[in-house]
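All figures in this text were calculated on a predicted structure; none of them were measured in a lab. Both ligands and their constituent atoms are indexed starting at 1 by order of listing.
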Amino acid sequence: MKKLFLFFIAFNAMIANAQTDSLIGFTATSSKNEISTEQKFDANLSAENIGRNIKTLSLKPHNLGSAADKENAEYILKLYKSFGWDAKIETFKVLFPTPKTRVLEMTEPTSYKALLKEPALKEDSTSAEDGQLPTYNAFSADGDVTAELVFVNYGLPSDYEQLAKMGIDVKGKIVIAKYGRSWRGIKPKVAQEHGAIGCIIYSDPKDDGYYQGDVYPEGAFKNEYGVQRGSVMDMVIYPGDPLTPGIGATEDAKRLTQSEATNLIKIPVLPISYHDAAPLLQALDGPVAPADWRGALPFTYHVGPGKTKVHLQLAFNWNMVECNDVIATIKGSQLPDEWVVRGNHYDAWVNGAADPISGQASMLEEAKSIGNLVKNGWQPKRTLVYCSWDGEEPGLLGSTEWLETHIAELQQKAVIYINSDGNGRGFLGAGGSHALENFVQQVAEDVTDPQTKTSVYNRLMASEVVNASTNKAKQEILDGHGWKLDALGSGSDFSSFLQHAGLTTLDFGYGGEDDGGEYHSIYDSYYDFTHFKDPGFKYGVTLSQTAGRTVLRMADADILPFDFRNLYKTINSYVKELMEMAQQMKENTEMENKLLAQNDYTLAADPAKTFVAPKPKDEVPYLDFSPLQNAMDAFKKAADSLAIVWKNQMSSSANHDQLNELLYRSEQQLLTQTGLPRRGWYRHNIYAPGFYTGYGVKTLPGIREAIEQRNWAEAQQQIIVTADVVNHFATYLSQAASTK
Ligand SMILES: [Zn+2]
């Protein structure tokens with residue numbers, strides 16, 4: 001920490017000198033120019049202007065397909081043009097269901113009809129706007145079901161294992177699950193796999209409500225009526241328009257029928273508030289819920305099933321709607337066929353001041369400031385492409401359809417895709433391609449935290465060192481090994497760029513000090529944002545500085561700032577993790593089977609309660625990781641020699657075009673043609689959203705998920721697949737290292 005702090009003082013004292021020869025990927029002269037460009041870029045960023053755009057763009061509810069959403073697209077288009085960008089709207093046709101009928105009622109033992117409504121609040125003027133989408137889960141199935149109710153905790157596979165031990169089966173039942181611990185779409189999917197015929201998801205006050213802090217509008221947390229809308233499309237199969245997987249949803253695209261789409265849930269799903277959930281949960285009988293299942297409602301939680309029956313009736317308008325992406329470009333002066341792509345969505349579930357308008361307003365501020373640089377004679381070396389995406393909320397529709405339409409050109413030309421989404425007060429969150437780890441660290445060292453005036457890097461490291469759980473971990477951070485890019489799963493528009501097309505990707509956002517329960521509710525408003533998320537819009541500017549610097553440096557770098565030694569270290573840590581995980585599973589399985597054979601679980605259980613001992617598990621065989629370990633050795637050698645070549649080229653005046661192209665097209669070498677098992681749209685072999693976590697990432701997903709699912713043959717086969725990918729990648733890097 002001390003070292004970092006000294007670096008910061010030195011940086012501040014000698015901003016014009018000490019830094020000039022040190023931007024990664026820049027010669028001393030071009031580095032000096034770049035820093036001067038960045039100072040001009042910063043000078044044109046305005047918190048007030050970001051605030052104005054947040055207010056304007058979040059004034060009306062503007063979900064995909066609404067008139068207000070189209071108005072926002074036109075407004076954004078006009079802004080880009082006024083900044084001097086070449087801008088246009090690119091329109092796709094996508095499937096987007098909105099609710100026609102929503103009924104949820106308890107029919108036995110007493111009756112209760114759910115309100116399914118968030119009330120307007122006098123404090124929050126936009127909460128009373130017309131045009132709000134009702135509370136619902138997009139891509140729920142139509143359905144009219146009545147059945148006994150079962151409480152399934154968070155609705156994860158492990159919760160159903162627990163239910164099985166309690167002798168409870170959800171077949172033919174309706175389940176009620178808490179929001180949290182997984183992406184929401186996983187809950188109905190797992191319920192459906194277990195034979196449930198309907199799924200209700202609610203926000204428990206323990207996770208998202210009064211247990212956390214004061215509720216809205218006095219505080220930021222969810223009040224009793226707040227509901228989290230959201231998509232339950234099975235995005236881990238493929239995101240984007242369900243009817244056009246793998247191709248752009250243009251007017252004349254060849255479409256699947258709805259029943260052919262493999263990412264649509266088959267049972268009705270509805271999100272509700274804790275006000276509506278309480279009577280249902282309170283009426284449940286059956287066993288008392290396990291201790292770690294219980295929430296913060298004022299009664300004893302039971303699991304059911306029993307006398308409690310509910311009726312769930314949902315019907316939707318399955319409309320085809322326009323999805324309008326706003327695409328703005330500034331042509332590069334020297335390398336027009338190398339593109340730096342930047343994106344953030346603008347569609348919201350309702351007003352969406354935080355999600356996504358805060359990020360959109362920061363991105364527009366970057367575009368304004370870059371436009372200003374161009375008006376004053378500066379030009380980027382590479383082409384800039386700024387994308388304001390539509391239709392992110394229902395399932396990454398706008399970004400995925402654009403990517404799928406232009407994939408060939410993007411794989412040829414895109415140097416990087418830089419994403420953001422909602423933004424708030426607090427710490428830098430940064431994820432993406434690990435070959436850019438050093439580069440992003442340097443960007444973070446050069447951006448000042450608006451609250452503490454240290455760099456956002458120092459602030460993040462301070463938080464990490466304080467919160468690290470062991471002294472060993474703390475010491476590692478103090479020794480300068482704390483900075484890590486997060487691996488990306490899903491949940492925002494980067495997904496198709498990284499996981500389908502294999503483009504180098506980064507994702508940025510600030511947060512952690514922006515309390516809130518407003519997510520996807522009518523209370524994600526300008527009032528909420530200015531009181532609880534980023535008062536004064538200071539972190540709006542910080543995000544512009546972070547993403548903007550990344551854009552400018554990638555656009556102007558003499559040699560692109562890739563360092564594959566970081567990628568090697570990261571992947572190697574994943575390999576070790578998987579080897580340990582397999583070993584741990586082996587030991588756990590042996591022990592559990594032994595205890596089962598001795599009848600210990602049954603003897604330890606309370607005989608007055610139902611206990612069904614689980615079946616013994618199949619033994620875990622030794623997996624042979626050696627092909628992958630050998631491939632990793634080859635990777636290390638290639639990454640080391642490329643790093644030397646990279647450094648030598650930095651000090652030579654030779655043309656770097658060939659090396660640059662090899663560098664930025666490297667990520668594509670990590671794809672496989674066939675993709676992941678049972679979900680071929682996901683072709684990246686290193687990062688994917690988890691099949692049973694959703695947004696949460698699974699690294700080395702082919703191997704990891706096979707082990708988790710105890711599919712040993714597939715695990716062994718995926719080790720070979722991954723070893724082939726890594727060997728291919730090593731060969732590719734060696735070729736790049738032979739560039740003259
Ligand atoms: Zn968003």
Side-chain angles (χ1 to χ4, degrees), residues 50 53-54 57-58 61-66 68-69 72-73 76 94 96 133 137-139 179 183-185 227-233 235 239-240 271 323-326 342-364 386-403 417-426 429-432 486 488-498 505-512 514 516-526 528-529 533-534 539-540 543 547 689 694-696:
I50 289 174
N53 275 329
I54 293 177
L57 289 166
S58 71
H62 59 280
N63 58 272
L64 170 69
S66 67
D69 195 45
N72 277 355
I76 291 166
V94 296
F96 180 51
L133 272 178
N137 286 132
F139 297 106
Y179 262 118
W183 178 59
R184 78 182 76 72
V227 180
Q228 183 190 136
R229 289 162 189 73
S231 177
V232 292
M233 176 199 288
M235 279 199 304
C323 180
N324 296 300
D325 294 333
V326 190
R342 166 85 173 97
N344 195 111
H345 73 103
Y346 69 87
D347 71 299
W349 278 117
V350 196
N351 298 76
D355 178 11
I357 296 304
S358 57
Q360 181 66 221
S362 286
M363 185 174 81
L364 290 170
Y386 267 53
C387 310
S388 294
W389 306 120
D390 197 3
E392 187 267 359
E393 293 296 358
L396 319 179
L397 303 178
S399 57
T400 303
E401 297 316 319
W402 190 79
L403 178 285
Y417 173 67
I418 302 158
N419 190 68
S420 59
D421 200 319
N423 192 54
R425 188 170 71 92
D486 296 329
L488 293 178
S490 183
S492 195
D493 292 305
F494 55 76
S495 181
S496 56
F497 289 86
L498 179 64
T505 297
L506 291 173
D507 181 56
F508 292 119
Y510 286 84
D514 51 347
E518 83 296 336
Y519 180 63
H520 292 182
S521 78
I522 66 169
Y523 311 123
D524 181 359
S525 62
Y526 185 75
D528 180 82
F529 193 82
K533 304 302 280 187
D534 181 18
Y539 280 92
L543 177 59
Y695 289 174

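Across every non-hydrogen atom of Met363 and Ser388, the tightest pair is CE-OG, 3.5 Å.
Across Asn63, Leu64, Leu397, a single residue satisfies side-chain contact (heavy atoms from CB on, under 4.5 Å) together with Asp390, and that is Leu64.
In this structure, a donor-acceptor pair under 3.5 Å is present between the side chains of Ser420 and Arg342. Between the side chains of Asn351 and His62, no donor-acceptor pair of N or O atoms lies under 3.5 Å.
Inspection of the environment of the Zn ion (ligand 1) yields the following protein N, O or S atoms under 2.8 Å: His345 NE2, Asp355 OD1, Asp421 OD1, Asp421 OD2.
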Give the C-alpha distance, both sets of side-chain angles, the deciding distance and a yes or no for side-chain contact (heavy atoms from CB on, under 4.5 Å) between Val350 and His520. CA-CA 7 Å; Val350 196; His520 292 182; over 6 Å; no
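Salt-bridge formation is detected for the pair Glu518/Lys533: a Lys NZ or Arg NE/NH1/NH2 atom is positioned less than 4.0 Å from an Asp or Glu carboxylate oxygen.
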